[in-house]
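Since the structure comes first, as structure tokens, the remarks are kept for the end.
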There are 2 protein chains.
Amino acid sequence: MSAGRTARERVRAELTREITDIARRHLAVEGAAGLSLRAVAREMGMVSSAIYRYFPSRDDLLTALIIDGYNAVGEAVENADAARPRGDHAGRWMAVCHAVRDWALAHPHEYALLYGSPVPGYKAPEDTIAPAVRDTVVYGRILSDAHGAGALTPPDVLPPPPASFSQDALRVREVMPGLPDDLVARALAAWTGLFGWVSFELFGQFNQVILDPATAFDHTMRGHGVLLGLRSG
Amino acid sequence: MSAGRTARERVRAELTREITDIARRHLAVEGAAGLSLRAVAREMGMVSSAIYRYFPSRDDLLTALIIDGYNAVGEAVENADAARPRGDHAGRWMAVCHAVRDWALAHPHEYALLYGSPVPGYKAPEDTIAPAVRDTVVYGRILSDAHGAGALTPPDVLPPPPASFSQDALRVREVMPGLPDDLVARALAAWTGLFGWVSFELFGQFNQVILDPATAFDHTMRGHGVLLGLRSG
DNA sequence: AGTCGTCAAGAGCAGTGCTCTCGTTTTTTC
DNA sequence: GAAAAAACGAGAGCACTGCTCTTGACGACT
């Protein structure tokens with residue numbers, strides 16, 4: 001499936017890749033709003049209208065970048081998780097947290113494109129859904145692994161979720177099989193806590209008050225891990 | 001300070017207000033990226049260049065909207081907090097959580113402007129800092145009140161923050177006097193958890209999986225309250 | 001009463017996304 | 001192998017944007 005049959009298909013695939021590469025570089029420098037089809041075309045030595053042979057609109061180019069971004073953060077999370085022993089569930093959780101934060105700090109504009117305000121009028125197409133949950137799948141697997149190993153012993157301090165939560169828990173459980181509703185609820189809290197922290201840090205909400213975010217982040221995520229009942233070893 | 005001395009100052013203040021009102025309406029409809037100075041001018045029956053007498057650039061108009069937005073959410077939070085008895089610390093926390101979420105759901109584009117991706121090249125000026133922390137001040141006061149009343153009894157399940165956290169805790173403590181480092185850390189976790197949840201919900205990250213976000217949100221925030229050691233009454 | 005500052009209007013510049021047409025080239029079909 | 005079909009790059013053009021500069025008129029202070 002890689003090299004297209006005809007020469008035209010091959011050069012088309014190559015040019016498409018080149019366009020997204022240049023676009024990603026522009027995105028990294030000036031953000032999504034500063035991404036200009038004409039500027040990309042200029043850098044390619046093309047005229048602007050030629051770009052439309054490859055991406056029918058600016059939004060489609062952005063969608064390609066979004067998919068790439070989700071895959072990039074997903075891959076970073078997968079690698080961080082795989083580098084730990086399977087039994088070290090707490091370590092895997094912390095590795096995932098730091099992988100997300102490190103990737104976000106290294107690619108702030110891409111992170112903003114994925115987890116910041118959705119661009120106006122933009123509706124996520126089907127193609128973005130699968131890559132978008134790659135990191136969540138890793139997260140769910142850690143919890144399922146721990147639960148399956150009987151290593152998930154959450155402290156009994158939180159109230160149980162209401163019965164009406166069970167419907168949503170059913171859907172969330174697809175990525176973390178076996179977990180009871182209470183743990184699904186805690187998983188949601190930890191996950192939103194992770195991205196909430198990273199977003200606050202990246203979007204400047206910690207403005208001159210948290211000067212050592214790495215320390216506070218690590219401690220906060222460790223706390224989430226404890227609440228999930230994750231233990232090392 | 002309200003009504004300007006001269007007629008000119010009065011009409012200037014009036015026109016400035018009218019511009020921001022129209023701009024806020026446009027912002028609510030099509031988002032920050034769709035906010036056009038020319039469109040605002042058209043609706044005012046002015047020519048576009050005339051707007052620049054009142055706002056030197058589009059960014060300055062956005063800044064005015066950001067300040068208004070922070071004040072709006074801050075006021076909503078203040079009112080929700082004030083509607084509860086001072087001693088009902090847990091109730092006040094839940095009221096603040098729901099106030100933030102309700103305001104965000106009612107003003108999604110404004111929320112995105114405040115807590116979403118910062119607009120490219122935009123640097124928050126001094127004037128936005130004070131309004132930006134109005135909600136945080138309320139939050140801190142609830143915790144300080146509870147702590148002062150001896151009603152803050154957090155469950156002893158989380159590890160203590162590292163010593164290196166104390167510097168940042170010092171600064172955070174300015175809005176929640178009296179709280180020990182451990183509670184400051186928990187306060188950060190709960191606060192980022194709140195906005196992380198709202199952002200996930202608003203920006204479509206719960207995409208077709210959490211269909212009853214109100215229930216899950218309430219339960220998650222209740223859990224954060226428990227971890228903070230908040231009790232009713 | 002005269003000066004100065006403020007104001008709205010208009011023209012204009014550089015840039016954007018996107019559409020359409022027009023030759024050219026490549027691929028497919030007969 | 002020749003003809004039909006599809007894909008392609010270039011160019012012009014439309015409607016729109018933020019922003020600047022100049023011009024002429026009005027209101028405010030000395």
Side-chain angles (χ1 to χ4, degrees), chain A residues 3-20 22-23 25-27 29-66 109 113 118-123 125, chain B residues 3-20 22-23 25-27 29-66 109 113 118-123 125:
Chain A
R5 278 167 38 262
T6 80
R8 195 159 234 170
E9 280 179 10
R10 259 179 293 128
V11 67
R12 179 180 180 84
E14 175 57 32
L15 284 184
T16 304
R17 224 187 62 85
E18 192 174 341
I19 290 175
T20 57
I22 294 178
R25 276 212 337 268
H26 286 204
L27 168 66
V29 172
E30 19 194 4
L35 177 63
S36 153
L37 276 187
R38 295 180 107 113
V40 173
R42 262 194 304 275
E43 189 165 331
M44 294 206 44
M46 278 174 131
V47 88
S48 72
S49 59
I51 297 280
Y52 288 84
R53 298 278 177 197
Y54 300 88
F55 292 94
S57 83
R58 184 178 175 275
D59 272 6
D60 290 270
L61 177 54
L62 268 181
T63 299
L65 293 179
I66 288 176
H109 282 119
L113 183 62
V119 308
Y122 177 81
K123 197 74 194 136
Chain B
R5 279 168 39 262
T6 80
R8 196 161 235 169
E9 282 178 8
R10 259 179 294 128
V11 67
R12 180 180 179 85
E14 176 57 34
L15 283 184
T16 305
R17 223 186 62 86
E18 191 175 341
I19 291 175
T20 57
I22 294 178
R25 276 213 336 268
H26 286 203
L27 169 66
V29 172
E30 19 194 3
L35 176 63
S36 153
L37 277 187
R38 295 180 108 113
V40 173
R42 262 195 304 275
E43 188 164 332
M44 294 206 42
M46 277 175 132
V47 89
S48 72
S49 59
I51 298 281
Y52 288 85
R53 297 275 174 194
Y54 300 89
F55 293 94
S57 82
R58 184 177 175 277
D59 272 6
D60 290 88
L61 177 55
L62 269 181
T63 299
L65 293 179
I66 289 176
H109 283 119
L113 182 61
V119 308
Y122 177 81
K123 196 74 193 135

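First the proteins, then the strands, lettered A, B, ... as listed; each starts at 1.
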Between the base of D:dG18 and the side chain of B:S36, is there any donor-acceptor pair under 3.5 Å?
no
Taking atom CZ of A:R17 and atom CD1 of A:I22, what is their separation to the nearest 0.5 Å?
10.5 Å
Rounded to whole Å, CD of A:E9 lies from P of D:dA7 at a distance of 10 Å
If each of A:V47 and B:S49 is mapped to the nucleotide of DNA chain D with the nearest heavy atom, which maps nearer the 5' terminus, i.e. the 5' end?
A:V47
Determine whether a donor-acceptor pair (one donor, one acceptor, N or O, separation below 3.5 Å) exists between the side chain of A:R38 and the base of C:dG17.
yes
Would you indicate what B:Y54 reaches in the nucleic acid, counting non-hydrogen atoms under 4.0 angstrom: base, sugar-phosphate, or nothing?
sugar-phosphate
Checking B:E30 against B:H109: is there a side-chain donor and acceptor pair closer than 3.5 Å?
no
Between B:F55 (CZ) and D:dT20 (C1'), how many Å, whole number?
19 Å
In whole angstroms, how far is the C1' atom of D:dC8 from the CD1 atom of A:I19?
12 Å
Using whole Å, what does the distance between atom P of nucleotide C:dC7 and atom CD of B:E14 come to?
14 Å
Just N and O in the side chain of A:R58: are any of them under 4.0 Å from OP1 or OP2 of C:dG17?
yes
Touch check for A:L61, heavy atoms < 4.0 angstrom, all strands: base, sugar-phosphate only, or nothing?
nothing
Looking only at side-chain N and O atoms, does B:D60 offer a donor or acceptor that is under 3.5 Å from a partner on B:S57?
yes
Is a side-chain donor or acceptor of A:R42 paired with a backbone partner of A:V47 at a separation under 3.5 angstrom?
no
What is the separation between atom CD1 on A:I51 and atom C1' on C:dG17, rounded to the nearest whole Å?
12 Å
How close or far is atom P of C:dA8 from atom CE of B:M44, stated in whole angstroms?
8 Å
Is there a donor on the side chain of A:S48 or the base of C:dG17 sitting less than 3.5 Å from an acceptor on the other?
no
From CZ of A:R42 over to C1' of C:dG17, roughly how many Å is that when rounded to an integer?
13 Å
Considering every strand and a 4.0 Å limit on heavy-atom distances, what is the contact class for A:L15: base, sugar-phosphate, or nothing?
sugar-phosphate
Contact nearer the 5' end of DNA chain C, comparing A:R53 with A:L37
A:L37
To the nearest 0.5 Å, what is the distance between CE on B:M44 and CD1 on B:I19?
5.0 Å
Would you kindly give the OH-to-C1' distance between A:Y52 and C:dT21, to the nearest whole Å?
17 Å
